[in-house]
Protein chains: 2
Amino acid sequence: MTGATIRDVARRAAVSVASVSRALNGLSSVHPDTRARVLAAAEALGYVPHAGARSLSLARTHAIGVVMPDLHGEFFSEVIRGLAGAASARGYHLILSNIDEGEDHMAAALRAMRGRVDGLVAMAPHVAPPAFAALLPPRLPTVTINTPDYAGGPALRVDNRGGAAAVARHFVTIGRKRFAHIAGPAINADALERRDGFAAALPAGTPIAMAEGDFTEAGGARAMAELLTTDAAIDAVFVANDMMALGALQTLRDAGRRIPQDVAVAGFDDVPLARYVSLTTLRVNMADLGGRAATRLIDALEGEGEGAGEVPTADLIVPPLIVRGTTVMEP
Amino acid sequence: MTGATIRDVARRAAVSVASVSRALNGLSSVHPDTRARVLAAAEALGYVPHAGARSLSLARTHAIGVVMPDLHGEFFSEVIRGLAGAASARGYHLILSNIDEGEDHMAAALRAMRGRVDGLVAMAPHVAPPAFAALLPPRLPTVTINTPDYAGGPALRVDNRGGAAAVARHFVTIGRKRFAHIAGPAINADALERRDGFAAALPAGTPIAMAEGDFTEAGGARAMAELLTTDAAIDAVFVANDMMALGALQTLRDAGRRIPQDVAVAGFDDVPLARYVSLTTLRVNMADLGGRAATRLIDALEGEGEGAGEVPTADLIVPPLIVRGTTVMEP
DNA sequence: TTGTATGCGTTATCAT
DNA sequence: ATGATAACGCATACAA
């Protein structure tokens, strides 16, 4: 009931299991006749190697684990897509385990990966670095994506500060004077970096009206409404992500503000919707990030023992500023 | 280098591996003192059970495999999200393997699942049923999503015909007379069902101008342009999916047609963008579909041996028609 | 070239 | 309650 095993094939081909293994794995030292008999027997029995047993024997699973919170949906999906593509191209599987439900659940998910994967790709922008490092199974190669400086291995990060700074400079260039920022959750590392990067790139001492959202469209709308009551004179608002920016735009329009004449708005992420509403934003290609992460991890996994330079480099991916109709008039 | 094993723990706690296993898995028959010693030793060594070995011994992986093409992006992501949520809630992992690159690659991916998962969730709207069935590893419980009637197990399907029929009736209700349809790829089962369902629900003998797209926005635009040259008088077009509908809308507007006064347009899927462009469409909740699939599979996996009724039922999920501004004037 | 035997890490059976 | 040991399915030294 569990399918034919290598022993069944051996029996049918009248050879030893060792020969079956060798024949099926294409080892050179096996007589053509033997190989033929084995192949025929395997075919006849519909034999499929048992990946689990193979992994145990080889100490190699050809799978990479992915741990990340289900946070703002768009990302999750894009990263997975990139990961899956790159992994699949190199013959690796992806093992998913989302970690919404609290830190203990997350610890369990992380532990369950041992013996199941060769390495890990982790994304946890909301957890304190030390806690996260402690949760990781020891000796499991890991590359992190947008995770607050975890020093345990290669890391891929979006240049949040640089992106935010580009927006600040853009606002100044188009002559804006009264700035506002709608930030993401304070526990989110990306959110903090975007806020700080924006502030740091404006002329020293420039006041910035602040509000905090939750990365959702509704949250952005609420935050914008809040800003309008406290600082009605603003003429440029940088929103920490696109979804909130969409909400903010709606609130502004409902309040009779013209975009971009009265108020310029910029987001972050460049979600598919951004193009449709002509939102100025920073393009972060999450699929590409996922692909890079997978490639990087697999390179490390397969290069074990040769490369002397196992330097845990941290790549900073700079998101380009996409200028659209919410900051400048369109033709 | 491979982490502490159960033997290391046994040695440190000065007990047998059997006792360690029992203590760690919470079996009753183990002395409190022993359990305490084992727990302490495991903690001290940072012991994490090896999932692979555990699976081999238990003949249970607590993982479910997911095979699907990367087709039109939105879906992929949503289904995965639903699957991951439901699986995670029941303590199962997800193993991904996308199967873009040809049928042989797909066969390999399918085979590689054996010994790695307890069951499969498969979605392959583009493959002929017999071929697909042949590829599946034998004796691996499988639930399919939107896969042309594969008779081997439970199936979840979107009611494409019913949804398309609802659009047809809606068009008639709002007084349209000259119909067109932009279909998806002819090898796609969903596409065919949508086309046929639309045609069947219109009054008998009603002519329908036809064009074929590739499920992409650009493809929809091209197909629409084509229709305009051959059948300029159309006043209602049903597009096989939302992405193509977006392209079609653009083409229509560029051609000076007013929506919905001159031409009514309806899509299929209700992607996030649909709400923004106020596109009338059918809402198919792919995340929900994924969740149901996972739940269904796990129920089957864990109910083995008890339920006499292992009937491979096929659920038809009916997508509701969401009427928006591309078919009726908005307030 | 081929076969025998051992190990991968864990659980479960059977004694004790 | 505990320990020795045989599976689980496969790969691979080591012999032959």
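These values consider heavy atoms only, across backbone and side chains, with no hydrogens, waters or symmetry-generated copies. Below, read A as the first sequence line, B as the second, and so on, with proteins coming before strands; counting in each chain starts at 1.
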Discussion item. Need one value for B:T34: base, sugar-phosphate or nothing, where a base atom within 4.0 Å counts as base even if backbone is also close, heavy atoms only.
Written reply: sugar-phosphate
Worksheet item: From C:dT10, D:dC10, D:dA4, pick the nucleotide closest to the side chain of B:S16?
Response: D:dA4
Discussion item. Please classify the nucleic acid contact of A:V20 as base, sugar-phosphate, or nothing, using heavy-atom distances under 4.0 Å.
Written reply: nothing
Item to complete: For A:A18, report the nucleic acid contact type (base, sugar-phosphate, nothing); a contact means any heavy atom under 4.0 Å.
Response: base
Worksheet item: Between D:dC10, C:dG9, C:dG3, which nucleotide gets closest to the side-chain atoms of A:A53?
Response: D:dC10
Worksheet entry | Whether B:H50 side chain and B:A53 backbone form a donor-acceptor pair below 3.5 Å | yes
Worksheet item: Whole Å only: how far is the CG atom of A:L58 from the C1' atom of D:dG9?
Response: 12 Å
Worksheet entry | Length of the line joining B:R35:CZ and D:dT2:C1', which is rounded to integer Å | 13 Å
Fill in: Closest nucleotide among D:dC10, D:dT2, C:dC8 to the A:Y47 side chain
D:dC10
Practice prompt. Please report, rounded to the nearest Å, how far the P atom of D:dC10 is from the NE2 atom of A:H62.
Written response: 16 Å
Worksheet item: Roughly, in whole Å, what's the span from CG in A:N25 to P in D:dA11?
Response: 5 Å
Worksheet item: Looking at B:R60 and B:E302, does any basic side-chain N land under 4.0 Å from a carboxylate oxygen?
Response: no
Worksheet item: Which nucleotide in the list D:dT2, C:dG9, D:dC10 gets nearest to the side chain of A:R54?
Response: D:dC10
Practice prompt. Have a look at B:S29 and say if it touches a base, only the backbone sugar-phosphate, or nothing, with a 4.0 Å heavy-atom cut-off.
Written response: base
Worksheet item: What integer distance in Å separates A:R22:CZ from D:dT12:P?
Response: 10 Å
Discussion item. Without decimals, in angstroms, what is the distance between B:R11 CZ and D:dG3 P?
Written reply: 14 Å
Discussion item. In this structure, how many angstroms lie between the P atom of D:dA7 and the CG atom of B:L56, rounded?
Written reply: 14 Å
Fill in: Polar pair under 3.5 Å, donor/acceptor by atom type, side chain B:R114, base D:dG9
no
Worksheet item: Counting just side-chain N and O atoms, does A:T5 come under 4.0 Å of either OP1 or OP2 of D:dG9?
Response: no
Practice prompt. Locate the shortest heavy-atom distance separating A:T142 from A:L297; write the atom from each residue and the value.
Written response: N-CD1, 4.5 Å
Fill in: B:N25 side chain vs B:L27 backbone, donor-acceptor pair below 3.5 Å
no
Worksheet item: Choosing from D:dC10, D:dT5, D:dT2, which nucleotide comes nearest the side chain of B:V17?
Response: D:dT5
Practice prompt. Report which part of the nucleic acid B:S19 touches: base, sugar-phosphate, or nothing (heavy-atom distance under 4.0 Å, all strands).
Written response: sugar-phosphate
Worksheet item: What about A:S57, does its side chain sit under 3.5 Å from the base of C:dG7 through a donor-acceptor pair?
Response: yes
Worksheet item: Could you give the distance from CD1 (A:I64) to NE2 (A:H93), rounded to the nearest 0.5 Å?
Response: 11.0 Å
Fill in: Interatomic distance, B:I6 CD1 vs D:dT5 P [rounded to whole Å]
16 Å
Worksheet item: Are the charged groups of A:R296 and A:D299 less than 4.0 angstrom apart, N to O?
Response: no
